[in-house]
Novice: 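Before I ask anything, let me first share the structure, which is written out below as structure tokens.
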Number of protein chains: 2
Amino acid sequence: MNEKYVLSSKIVSLMILMEGTAMNEHIKPDQCQVQEAIGILVGKWKPIILLHLMKEGTQRFSELKREIPEITQKMLTKQLRELEAEGIVDRKVYPEIPPKVEYSITEYGKELQPILEAMHEWGEKHAQMKKERA
Amino acid sequence: MNEKYVLSSKIVSLMILMEGTAMNEHIKPDQCQVQEAIGILVGKWKPIILLHLMKEGTQRFSELKREIPEITQKMLTKQLRELEAEGIVDRKVYPEIPPKVEYSITEYGKELQPILEAMHEWGEKHAQMKKERA
DNA sequence: CCGGATCCTGTACGATACTG
DNA sequence: CAGTATCGTACAGGATCCGG
């Protein structure tokens with residue numbers, strides 16, 4: 001491996017973080033841990049769903065549907081199930097009639113919150129920069 | 001909750017900044033600023049490209065290609081151009097023969113670094129959690 | 001109220017070949 | 001060396017209807 005070190009302190013800290021992990025080698029797309037995280041967030045609606053659940057706490061299916069009117073039931077169901085499968089969201093079914101299903105962020109899922117917030121922050125800044133460039 | 005992870009001070013300050021601002025009302029998918037950020041990182045190869053450029057600094061097209069062997073030229077070109085269009089990556093063409101093109105992370109793009117770090121960190125943890133569940 | 005089943009469409013991605 | 005051009009495929013997302 002060629003060692004061509006031109007380093008800002010930021011890069012140094014990144015390198016320390018990555019030491020012995022993914023950064024050193026040929027990173028394949030399916031090994032990349034950043035992809036792990038992105039993969040979970042990518043669905044067109046997942047960030048929105050998560051933001052709502054994080055802000056409002058536990059919510060029923062129909063509440064989410066009301067707060068995100070443009071989404072179809074199918075999509076809402078599907079994306080919630082995917083988040084559930086990853087352990088990010090908890091699904092609680094009340095065996096009643098009419099049916100009642102509540103969704104909430106798991107403790108584990110809450111660890112994603114700072115990342116979502118950082119992305120929100122950056123995204124806002126980026127959107128504004130795009131405007132200024134026009 | 002346990003603080004197993006020391007978040008970078010940048011993220012912590014972002015969290016403070018975001019308090020009370022981020023998650024308000026009916027967020028449409030095309031307004032969601034988290035989507036802004038994700039949209040830029042989604043390409044199958046973009047995180048990998050960015051990690052390489054962040055680690056190695058300025059690199060030629062062929063160097064990147066060599067470090068990411070599974071990617072096709074077409075894809076490498078395309079994703080680099082998209083990153084360039086967003087202002088994340090700088091493209092420097094040397095009008096020589098044979099051609100020479102160098103890519104690097106812009107100062108602006110470096111602001112993504114803490115986010116990528118956080119995602120990498122979380123992704124690693126998540127990947128391991130999945131294993132344990134099996 | 002919640003969500004599964006079906007069908008349809010755009011596009012991200014890839015293999016391959018060609019060029020200044 | 002660093003790209004375009006062309007063609008082909010898989011899959012995410014959406015519209016709509018059905019069911020417990």
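Per chain, numbering begins at 1; letters A, B, ... match sequence-line order. Bear in mind that the values here come from a model prediction, so they are computed numbers and not experimental data.
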Novice: Just compare D:dC7, D:dA15, C:dC2 and give me whichever is closest to any side-chain atom of A:Val101.
Specialist: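 Closest nucleotide among those given: C:dC2.
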Novice: Measure the shortest side-chain to side-chain distance between A:Leu112 and A:Leu41 over non-hydrogen atoms and say whether it is less than 4.5 angstrom.
Specialist: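 In contact.
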Novice: Could you state the atom-to-atom distance from CZ of A:Arg81 to C1' of D:dG13 in whole Å?
Specialist: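 My rounded result for the distance is 18 Å.
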Novice: Considering only side-chain heavy atoms of B:Arg60, which listed nucleotide, D:dG13, D:dG20, D:dC1, is closest?
Specialist: D:dC1
Novice: Specify the separation, in whole Å, of atom NZ of B:Lys92 and atom P of D:dA2.
Specialist: 15 Å
Novice: Decide side chain to side chain donor-acceptor pair (under 3.5 Å) for A:Glu121 and B:Gln33; before the verdict, give the C-alpha distance in whole Å, the side-chain angles of both, and the deciding distance to 0.1 Å.
Specialist: CA-CA 7 Å; A:Glu121 161 85 0; B:Gln33 304 309 56; over 6 Å; no
Novice: C:dC1 P sits how many Å from A:Lys100 NZ, rounded?
Specialist: 13 Å
Novice: Taking the side chain of A:Thr72 as its heavy atoms from C-beta onward, which of D:dC1, C:dC1, D:dA15 lies nearest to it?
Specialist: D:dA15
Novice: Quiz question: going by heavy-atom distance under 3.5 Å, is there a donor-acceptor pair between the base of C:dG4 and the side chain of A:Lys74?
Specialist: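 A donor-acceptor contact between them is absent.
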Novice: Considering every strand and a 4.0 Å limit on heavy-atom distances, what is the contact class for B:Pro99: base, sugar-phosphate, or nothing?
Specialist: base
Novice: Which atom pair, heavy atoms only, marks the closest approach of B:Val89 to B:Tyr103?
Specialist: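 Taking B:Val89 first and B:Tyr103 second, the nearest heavy atoms are CG1-CD2, 3.8 Å.
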Novice: What contact category does B:Glu102 fall into here, base, sugar-phosphate, or nothing, at under 4.0 angstrom with non-hydrogen atoms?
Specialist: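 The residue B:Glu102 makes no contact with any strand.
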Novice: In whole angstroms, how far is the P atom of C:dG14 from the NZ atom of B:Lys65?
Specialist: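 For the pair B:Lys65 NZ and C:dG14 P, the rounded distance is 11 Å.
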Novice: Less than 4.0 angstrom from a charged side-chain N to a carboxylate O is my criterion; do A:Glu63 and A:Arg66 meet it?
Specialist: no
Novice: Contact class for A:Tyr103 (heavy atom, under 4.0 Å): base, sugar-phosphate, or nothing?
Specialist: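 A:Tyr103: backbone/sugar contact only, no base atoms under 4.0 Å.
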Novice: Atom CD1 of B:Ile71 and atom P of C:dT16: how far apart are they, to the nearest Å?
Specialist: 16 Å
Novice: Tell me the interatomic distance from B:Lys78, atom NZ, to D:dG3, atom P, rounded to whole angstroms.
Specialist: 15 Å
Novice: Counting any heavy atom closer than 4.0 Å, what does A:Glu82 reach on the DNA or RNA strands: base, sugar-phosphate only, or nothing?
Specialist: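 The answer is nothing, as A:Glu82 stays clear of every strand by at least 4.0 Å.
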Novice: NA contact type, A:Arg91, heavy-atom cut-off 4.0 Å: base, sugar-phosphate, or nothing?
Specialist: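 Sugar-phosphate contact only - A:Arg91 comes under 4.0 Å of backbone atoms but never of a base.
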Novice: In plain terms, say whether B:Lys125 and A:Glu111 are close enough for a salt bridge, that is, a side-chain N and a carboxylate O under 4.0 Å apart.
Specialist: yes
Novice: Please check the phosphate of C:dC2 (OP1 and OP2 only) for any side-chain N or O of A:Thr77 closer than 4.0 Å.
Specialist: no
Novice: Using heavy atoms to find the nearest nucleotide of DNA chain C for A:Phe61 and B:Met75 separately, return the residue whose nucleotide is more 5′.
Specialist: A:Phe61
Novice: Less than 4.5 Å apart, side chain to side chain, heavy atoms only: is that true for B:Gln35 and A:Met119?
Specialist: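 No, side chains not in contact.
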Novice: Tell me the interatomic distance from B:Tyr94, atom OH, to D:dG3, atom C1', rounded to whole angstroms.
Specialist: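 Rounded to the whole Å, the gap is 18 Å.
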Novice: A:Trp45 has a side chain; which of C:dG4, D:dG3, D:dG14 sits nearest to it?
Specialist: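 From the listed options, D:dG14 comes nearest.
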Novice: By nearest heavy atom, map A:Gln73 and A:Gly43 onto DNA chain D; which one lands nearer the 5' end?
Specialist: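 Here A:Gly43 is the residue nearer the 5' end.
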Novice: Kindly say whether, by distance alone, the side chain of A:Lys44 makes a donor-acceptor pair under 3.5 Å with the base of D:dG13?
Specialist: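 Not at all, since no donor on one side and acceptor on the other fall under 3.5 Å apart.
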Novice: Write down the distance between CZ (B:Arg66) and C1' (D:dC1), rounded to a whole number of angstrom.
Specialist: 11 Å
